[in-house]
Amino acid sequence: MTQAETPTRSSPWHEAVIERVVHRTPRVASIFLRVGIGTHEAGQHVDVRLTAADGYQAQRSYSIASAPAEASLELAVERLDDGEVSPFFVDVAREGDTIEVRGPLGGHFIWRPSDVGPVLLVGGGSGVAPLMAILRHRQHTAPHTPMLLAYSARRWEEIIFRDELQEAAAADSLFHLVLTTTREARRRPTDYDRRLDAEALREILAAWGRQPARAYVCGSTPFVESVANALVADGLPAAHVRTERYGGVE
């Protein structure tokens, strides 16, 4: 994530070395990069560029999943069958390969430890990537801040970072996790097996027992629009709902 439209950038390209590739789900791999672009903020993204032997270039934007304090830059890439870039990362990339990166980019979707109040995170599919950066940054810098992640995937095996999320929720009383699968039955009694519509979000927030000061919503365009509209309709000011979305093609 994210493959959003981006304006022309003037920031320079840097060579990045792939340190390791970790397969998270059948279609998603975490790519850990060593690159000298400085410290990012939780919620930002980078552009990546691949160059073929014949000189052809392709570039995409991906959200950063790692916290600012971590040594490697982690991107969670979902393979799109007709994609130019994602199949390389998921199926071909190996330790020692080099690519080009520029950034970090983006200032709207950022969460900072100084932000006050409970935070609601809502992710769909690979839209969980920048939310992981926020959760990990909170753990390092502001563990007293209450956070709830409502995360929707089609199936249990497609829940990215599933083990890490469950372990974090079990160990941290101020982090609440709700998982929902839309194409198979739920595995945990506190989870859902339905879409995150207005009614489900209302139930999740009521069970949490907190009023979010702000929300971060990331996923496909229809998912983001549906969730954001539901939150605003239920009283969260539109200015407090930050969104990041990606398109259906790479």
Side-chain angles (χ1 to χ4, degrees), residues 1-2 4 6 39-45 61-69 76 103-153 160-161 164-165 168-169 172-180 192 195-246:
M1 250 294 302
T2 174
T6 52
T39 302
H40 65 279
E41 294 194 84
Q44 287 189 299
H45 62 278
S61 298
Y62 290 103
S63 293
I64 302 169
S66 48
L105 303 165
H108 172 71
F109 204 69
I110 291 171
W111 175 82
R112 298 183 174 97
S114 57
D115 292 341
V116 178
V119 179
L120 170 65
L121 309 174
V122 186
S126 58
V128 75
L131 307 182
M132 287 302 299
I134 293 173
L135 286 169
R136 289 164 167 170
H137 194 36
R138 166 199 172 272
Q139 186 177 28
H140 293 319
T141 61
H144 56 278
T145 300
M147 280 194 181
L148 182 155
L149 171 62
Y151 177 24
S152 176
I160 312 167
F161 305 109
E164 179 180 346
L165 288 170
D172 184 350
S173 62
L174 291 180
F175 170 48
H176 190 63
L177 173 67
V178 176
L179 302 172
T180 184
Y192 287 74
R195 295 189 180 278
L196 284 176
D197 56 15
E199 182 181 355
L201 288 166
R202 202 173 297 122
E203 292 175 5
I204 290 168
L205 288 173
W208 191 31
R210 300 178 187 272
Q211 179 62 34
R214 59 185 54 82
Y216 295 78
V217 186
C218 188
S220 67
T221 294
F223 175 88
V224 168
E225 290 180 349
S226 174
V227 170
N229 290 339
L231 293 174
V232 171
D234 274 354
L236 189 61
H240 295 182
V241 180
R242 300 181 183 183
T243 61
E244 187 79 63
R245 64 196 74 199
Y246 57 88

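Given the structure is predicted, the values throughout are model-derived calculations rather than measurements.
Residues W111 and L135 have side chains not in contact (no heavy-atom distance under 4.5 Å, counting atoms from C-beta outward). Inter-residue side-chain proximity for L148 and P118 is flagged as unmet; no heavy-atom pair is nearer than 4.5 Å. Contact of the L120 side chain with the I204 side chain is not registered, since no non-hydrogen atoms from C-beta on lie closer than 4.5 Å. Counting heavy atoms from C-beta on, the side chains of E244 and V224 never come closer than 4.5 Å. Contact of the V178 side chain with the W208 side chain is not registered, since no non-hydrogen atoms from C-beta on lie closer than 4.5 Å. You'll find the side chain of S66 reaches within 4.5 Å of the side chain of H40, heavy atoms only. With contacts defined as side-chain heavy-atom distances shorter than 4.5 Å, the pair P68/H137 qualifies. Within the 4.5 Å cutoff, side-chain heavy atoms of D172 are placed close to those of R138.
Annotation: the span from F161 atom CZ to L131 atom CG amounts to 10.0 Å, rounded to 0.5 Å. The CD1 atom of I110 sits 10.0 Å away from atom CG of D115, with the distance rounded to the nearest 0.5 Å. Going from atom CD of E203 over to atom CG of L196 covers 11.0 Å, rounded to the nearest 0.5 Å. We find the NE2-CZ distance between H45 and F109 to be 11.5 Å, quoted to the nearest 0.5 Å. One distance of note links CD of E225 with CZ of R245; it measures 5.0 Å at 0.5 Å rounding. The distance from atom CG of D197 to atom CZ of R202, rounded to the nearest 0.5 Å, is 8.5 Å.
Nearest heavy-atom pair, A215 versus L236, reported as atom, atom and distance to 0.1 Å: CB-CD2, 3.7 Å. Nearest heavy atoms, R214 versus V116: NH1-O, 3.0 Å. Between I160 and L165, the shortest heavy-atom contact is O-CD1, 3.9 Å. Here the closest non-hydrogen pair linking Y246 and G124 is OH-O, 3.5 Å. For the residue pair L201 and A230, the shortest heavy atom distance occurs at CD1-CB, 4.0 Å. When all heavy atoms of A67 and H140 are compared, the pair lying nearest together is CB-CD2, 3.7 Å.
Within 6.0 Å of atom CD in E41, more than 12 heavy atoms from other residues, nucleotides or ligands are found, so the atom counts as buried in its surroundings.
Not a single salt bridge (Lys or Arg N to Asp or Glu O under 4.0 Å) links R210 to another residue, sequence neighbours left out.
No donor-acceptor pair under 3.5 Å is formed between the side chain of Y151 and the backbone N or O of G127.
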